[in-house]
2 protein chains.
Amino acid sequence: MEHVARAAGVSRATASRAVTGQGPVSASARDRVLAAARALGYVPDPLARALVAGTGTRLVVAVGGTSAAVLHDPYVARVLAAAAAVGEPAGLGASLVHLPLAGSRVLDGLARDRGVAGLVLVNTTHAVLGALPPRLAGRVASIGTGSAGVAGVDVDTGSGTAAVVEHLLASGRRQVAMVTGPAWLPCTRRAQQGYERAVRAAGLAPRLVPGDFTVAAGEEAVRAVLARWPGTDAVHAVSDAPALGALRALRAAGRRVPDDVAVSGFDDSAAAGLVEPGLTTATHPVEEVAAAAARTALGLAPAPGALFPSVPVLRGSTGARLAG
Amino acid sequence: MEHVARAAGVSRATASRAVTGQGPVSASARDRVLAAARALGYVPDPLARALVAGTGTRLVVAVGGTSAAVLHDPYVARVLAAAAAVGEPAGLGASLVHLPLAGSRVLDGLARDRGVAGLVLVNTTHAVLGALPPRLAGRVASIGTGSAGVAGVDVDTGSGTAAVVEHLLASGRRQVAMVTGPAWLPCTRRAQQGYERAVRAAGLAPRLVPGDFTVAAGEEAVRAVLARWPGTDAVHAVSDAPALGALRALRAAGRRVPDDVAVSGFDDSAAAGLVEPGLTTATHPVEEVAAAAARTALGLAPAPGALFPSVPVLRGSTGARLAG
DNA sequence: TTGTAGGCGTTATCAC
DNA sequence: GTGATAACGCCTACAA
């Protein structure tokens, strides 16, 4: 910038004002500075800017979970990529950290780290929300559950789930079980409530089995379902991975899908359209949700007022004839 | 750090030497500084460090491709996550950018941007390697094709592919076609050569059809294969996505897998184990490869001397009895 | 071995 | 409207 200022015949201060657009600058000076900057190929140093502004240079995506294995989840990778895309224009990178269920050590470290520009919480628990250091205030957004001080950005999982379950019921299923999310994760409650609402509206009783976001959990849950309610004719899972596990376990148990048992999931992951039969699920804009959370954490935009929509995607696993 | 130094009764310079481990410090002074740092919860500011060192704060993952859609590829997301994991301890974030096939504009911008600590190239072309600005020298690593000035980190796709194709041949297949990678991507040549080597060793002629890393390309390629060589009894694809597409297209064409036609892919993606029949493929340590590239770009480690290994994973799509 | 002083590139606060 | 000047937090000659 020294060079730019000299080339334009002004001081560094004026040059700075011209490139940032902040503060008073005469039109002629501004034009000369901008021209010089372009000619010299000047690019402002994000570091120095962040240093003086005290804002940090990276957007941290912190994922709650019982083990660091959650960091390998494809969904988490999508969120990270979306966060990186939001930060890129401003020269901000994205980081990925695991947040143990009961530990504010990581959170404290993040709060002290001056390199942290913003924090996006994934799989947010009340414990995390409660342990959030005050220094982070205003720079945090949560995908899912929010709180008084933390903006929550989320999908209308309740309606999305209810719509999928209603499809199961409309196609004649009467014994519909659900593989729920882990008990420690509050935002999966809404999906569960959507299921319960739909099932009760049809005059049926909910059949809940605990699970999580893994294929293995879906397999195990289905074995539990079949043992407890052998007549089950439909299984809905809190996300696609356990639904795919359910598909496998049902097949292993000799049940035909969708003839004997229908299966549905949630998220419309890449694999949902590839398996045979295709997995009925609900889609929602993962990248958009993550980007909105990232922008909110960075103070680039206010938290969206409404929930992002979730719409059913009907495929063969529930007997639908629509292509996958 | 001011506080830490004062608490330890030394100057800022000594405190700095103690925390960085660089330069001469007496043991007693070092211990006092470290103790004080811990007590005060001191965390060095990565920004200020990078500013004075001129090293940047983010690790950029640049992905070559005909369109920005490559940024949504699950494989790219895995690479980004691995890069983020490598940078995290040093307070470095990761960024994701698209590199058009024929454009050094992006590369030039990256070279000027002082926030860039290192660059990891994915889907590297010779054009990109040739257009690499000298200012980036020593801070770049490529996953796949490298060059004189750019460290290449890669998988032994040749042997991995050959091993999978040999499995096809060993199980009696005689008309084995391959869906190759895009012509502009040099590193997929090695996979193709592995296929050709295996096929020729069996006294057969190669049957090549161009494709890319998408499901749709696999579907289209299979239609071309069946039109040209109706007797085809096996299809190997350059990666899992086109292999899964091949699976679908074969089924749509009324061919049974694996009875009529065997199918194999490469990468061992998440979906490979979930489809029915399971997709035979070759696995390799994507995260390790990406982490090695990231470390190399950051100067944290020299480029690995040998190729990372790729080993076949046999599943039902080639008639293997091993579980998927 | 230690302290002092200078600088990394930028923005913000003042006088002018 | 403009130009010095002081930060931001850290590292590193250089001198002691």
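Proteins come first, then strands; the chains are lettered A, B, ... in the order of their sequence lines, and each starts at number 1.
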Next item on the list: Let me know, please, whether Tyr42(A) or Arg12(B) comes out on the 5' side of the other along DNA chain C by nearest nucleotide.
Entry: Arg12(B)
Margin query: Distance check needed: dG9(C) P versus Asp45(B) CG, whole Å only.
Written below: 17 Å
Next item on the list: Please list, by residue number, the residues of residues 13-22 of chain B whose heavy atoms come closer than 4.0 Å to an atom of DNA chain C; answer none if no residue qualifies.
Entry: Ala13(B), Thr14(B), Arg17(B)
Note to self: I want to confirm an ordering. Mapping Val25(B) and Glu2(A) to their closest nucleotides on DNA chain C, which one lands closer to the 5' end?
What the structure shows: Val25(B)
Notebook entry, point to check: If you check the Pro24(B) side chain, which of dT5(D), dG3(D), dT1(C) turns out closest?
Noted result: dT1(C)
Notebook entry, point to check: Okay, side chain of Asp73(A), backbone of Tyr75(A): is any donor-acceptor separation there less than 3.5 Å?
Noted result: yes
Check: After noting the C-alpha distance and the side-chain angles of Arg190(A) and Asp154(A), does the key distance pass the salt bridge (charged side-chain N to carboxylate O under 4.0 Å, His left out) rule?
Finding: CA-CA 11 Å; Arg190(A) 291 210 311 283; Asp154(A) 206 6; 2.5 Å; yes
Item checked: Between P of dC8(C) and NE2 of His3(A), the distance in whole Å -> 10 Å
Margin query: To the closest 0.5 Å, what do you measure between CG (Leu119(A)) and CG (Leu59(A))?
Written below: 8.0 Å
Notebook entry, point to check: For dG9(D), does OP1 or OP2 lie under 4.0 Å from any side-chain N or O of Arg114(A)?
Noted result: yes
Margin query: Under 4.0 Å, counting only non-hydrogen atoms across every strand here, what does Val52(B) touch: a base, just sugar-phosphate, or nothing?
Written below: base
Check: Whole-Å distance between dG9(D) C1' and Arg112(A) CZ?
Finding: 17 Å
Next item on the list: Tell me what Ala53(B) touches on the nucleic acid: a base, only sugar-phosphate, or nothing, going by heavy atoms under 4.0 Å.
Entry: nothing
Item checked: Short side-chain N/O contact to dT1(C) OP1/OP2 from Ser26(B), under 4.0 Å -> no
Next item on the list: Nearest 0.5 Å please: distance from the CZ atom of Arg32(B) over to the OG1 atom of Thr14(B).
Entry: 9.0 Å
Next item on the list: Nearest-nucleotide wise, let me know which of Ala48(B) and Arg30(A) is further upstream toward the 5' end of DNA chain D.
Entry: Arg30(A)
Next item on the list: Identify whether any heavy atom of Ala50(B) sits under 4.0 Å from a base atom; if not, whether one sits that close to sugar-phosphate; answer base, sugar-phosphate or nothing.
Entry: nothing
Next item on the list: Measure across Ala15(A) and Met1(A) and return the closest heavy-atom pair with its distance rounded to 0.1 Å.
Entry: CB-CG, 4.3 Å
Check: Would you say the side-chain atoms of Arg78(B) pair up with the backbone N or O of Pro74(A), donor to acceptor, closer than 3.5 Å?
Finding: no
Next item on the list: Mind calculating the distance between CE (Met1(A)) and P (dG9(C)) to the nearest angstrom?
Entry: 11 Å
Check: Is the side chain of Thr20(B) donor-acceptor paired with the backbone N or O of Ser16(B) at a distance under 3.5 Å, no angle test?
Finding: yes
Margin query: Can you measure Leu51(A) atom CG to dA6(D) atom P for me and round it to whole angstrom units?
Written below: 17 Å
Check: Is the shortest side-chain N/O distance from Arg49(B) to OP1 or OP2 of dC10(D) below 4.0 Å?
Finding: no
